[in-house]
Amino acid sequence: MASSIQNNRVSASGYCVCCRVCNMWCWRAFKWLPVLLIVSIVTWSYYAYVFQLCIVTIDSTAQQCVYMVLYHILLIMFAWSYWRTIFADIRPIPDKYKLPDEELEKLLSADSEDAQRTILENFAKDLPIVTRTLSGSVRYCNRCVVVKPDRAHHCSICSRCVLKMDHHCPWVNNCVCFHNYKFFMLFLGYALLYCLFIMSTCLPYFIKFWKGDFSTTASAGRYHIVFAFFVSLMFAISLGSLFGYHCYLVANNRTTLEAFRAPMFRSGADKNGFSMGAYNNFKEVFGISPNLWMLPVFTSLGDGCEFPVRREHQLQTFTTPQETNGYESMGITRSSAEMGYETERWRLFPRKGRTVPQIV
């Protein structure tokens with residue numbers, strides 16, 4: 001049985017169960033340190049900006065109100081997106097990708113790689129997967145005992161396979177993947193706006209401090225404001241580069257892992273295999289409702305297992321009109337091996353004055 005086999009692998013003679021539990025909890029607590037650091041910095045920035053700058057330093061009531069309103073809007077959106085990224089519901093791989101016990105026994109008892117490949121190919125023949133390993137075999141995780149869906153990878157830190165895994169981010173103590181990638185993008189965007197806002201509004205007082213004209217009733221308050229300027233500048237530079245890079249990935253429908261190693265299809269590696277155009281790629285992550293694009297609510301298209309692919313990688317029909325999971329609104333329709341490239345392109349992106357060719 002699969003469970004007994006895995007338990008045999010995990011068990012180790014002479015290893016104390018109490019030590020294992022202690023190490024596990026220490027590791028879990030250690031992984032939260034980056035998140036606590038971010039929360040601490042944001043908490044201090046609230047004190048520095050709201051109290052030291054807006055309440056103590058600024059004399060104009062109108063300016064205080066404008067700064068406070070804009071600051072709290074950005075803070076709420078930033079904190080909301082950060083919370084959703086950390087505590088998103090990362091769903092497991094569907095059961096249809098998991099090898100049954102009898103298939104697992106056959107796989108473990110196979111005497112050659114070709115036999116193992118045949119067993120996996122026979123099991124995965126009805127699964128909606130188009131990507132392969134470098135050797136051309138079905139992507140399989142022997143730790144989770146599942147055939148990997150397209151774009152799924154095993155996270156060694158989370159000890160599980162994750163759908164459309166981008167990377168494991170220590171700053172959110174979670175995998176950035178299909179279920180929280182939109183939240184992660186909004187978190188980066190709002191964090192960048194938050195830092196830019198603090199930096200721009202603190203800049204005049206930093207210049208006064210530099211010239212020696214900064215006067216305030218609280219002697220330590222001006223140092224909080226100056227330090228807030230430097231911290232926001234430092235984070236804005238790092239966040240700007242990271243956010244720009246992920247905007248590039250969204251526009252090209254790639255994950256960070258796929259940017260380093262192009263996904264492998266039957267016809268070979270193709271870094272643009274999942275790209276359906278910049279606007280369609282954007283809607284795949286942010287959804288089809290513009291009024292929800294900037295809100296950290298889940299609107300990504302699909303189920304994380306099946307994705308539209310370029311015509312040359314479409315081998316068979318995997319979906320029905322009732323199972324398109326929102327991709328119809330992108331102009332993505334079911335694939336057909338008999339349809340020509342021009343027909344598919346016209347059907348996906350029809351132009352004014354053209355009619356869709358009919359297949360006879």
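Quick caveat, the model's predicted, so the values are computed rather than measured.
No side-chain heavy atom of Val176 sits under 4.5 Å from any side-chain heavy atom of Phe183. Contact check for Phe184 versus Cys169: side-chain heavy atoms found under the 4.5 Å cut-off. When side chains are defined from C-beta on, Val147 counts as touching Ile129, because their heavy atoms get closer than 4.5 Å.
Taking the six-membered ring for Trp and thresholds of 30 and 60 degrees, Phe265 and His313 have nearly parallel ring planes, at less than 30 degrees apart. Relative orientation of the Phe206 and Trp210 rings is tilted, given thresholds of 30° and 60° on the angle between their planes. Ring orientation note: the planes of His246 and Tyr181 are tilted relative to one another, at an angle of 30° to 60°.
Linking Ile, Leu, Val, Met, Phe, Trp and Tyr whenever their side-chain heavy atoms come within less than 4.5 Å leaves Leu188 and Ile76 in two separate clusters.
Note that the CZ atom of Phe187 and the CH2 atom of Trp171 stand 9.5 Å from one another [nearest 0.5 Å]. One finds the CG atom of Leu193 at 12.0 Å from the CD1 atom of Ile73 (value rounded to the nearest 0.5 Å). Taken to the nearest 0.5 Å, the CE atom of Met68 stands 9.5 Å off from the CD1 atom of Ile58.
Here ring pair (Phe, Tyr, Trp, His ring centres under 6.0 Å) pairs that include residues 106-165, with residues two or more places apart or in two chains, number zero. Within the structure, side chain to side chain donor-acceptor pair (under 3.5 Å) pairs that include any residue of residues 79-92 do not occur (at least two apart or interchain). For residues 41-50, the set of pairs meeting the side chain to side chain donor-acceptor pair (under 3.5 Å) definition, not counting sequence neighbours, comprises Trp44-His224, Ser45-Tyr194, Tyr46-His72, Tyr47-Gln52, Tyr49-Thr201.
When each of Phe229, Phe230, Phe209 is paired with Tyr223, the ring-ring contact (aromatic ring centres under 6.0 Å, His included) condition holds for Phe209 and for no other. For the side-chain contact (heavy atoms from CB on, under 4.5 Å) with His168, the qualifying choice from Ile157, Val162, Asn174 is Ile157, the only one to do so.
There is no side-chain donor-acceptor pair under 3.5 Å between Lys164 and Thr255. Judged purely by distance below 3.5 Å, without hydrogens or angles, the side chains of Arg254 and Asn281 never pair a donor atom with an acceptor atom.
Judged by the 6.0 Å and 45° rule, Arg151 forms a cation-pi pair with Phe307. Judged by a 6.0 Å distance limit and a 45° cone about the ring axis, Arg222 is not positioned over the six-membered ring of Tyr205.
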Could you please spell out the steps behind the side chain to side chain contact (heavy atoms under 4.5 Å, CB included) verdict for Asn253 and Glu284? CA-CA 8 Å; Asn253 206 337; Glu284 186 172 312; 3.1 Å; yes

For side chain to side chain contact (heavy atoms under 4.5 Å, CB included), just list the numbers for Leu239 and Phe243, CA-CA rounded to whole Å, side-chain angles, deciding distance to a tenth of an Å, and then say yes or no. CA-CA 6 Å; Leu239 286 169; Phe243 181 66; 5.7 Å; no

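Ring centroids of Tyr67 and Tyr71 are separated by 6.0 Å or more, keeping the two rings apart. Between Phe298 and Phe178, the distance from one ring center to the other falls under 6.0 angstrom.
Using modelled atom types, one side-chain atom of Asp150 and one backbone atom of Thr131 make a donor-acceptor pair closer than 3.5 Å.
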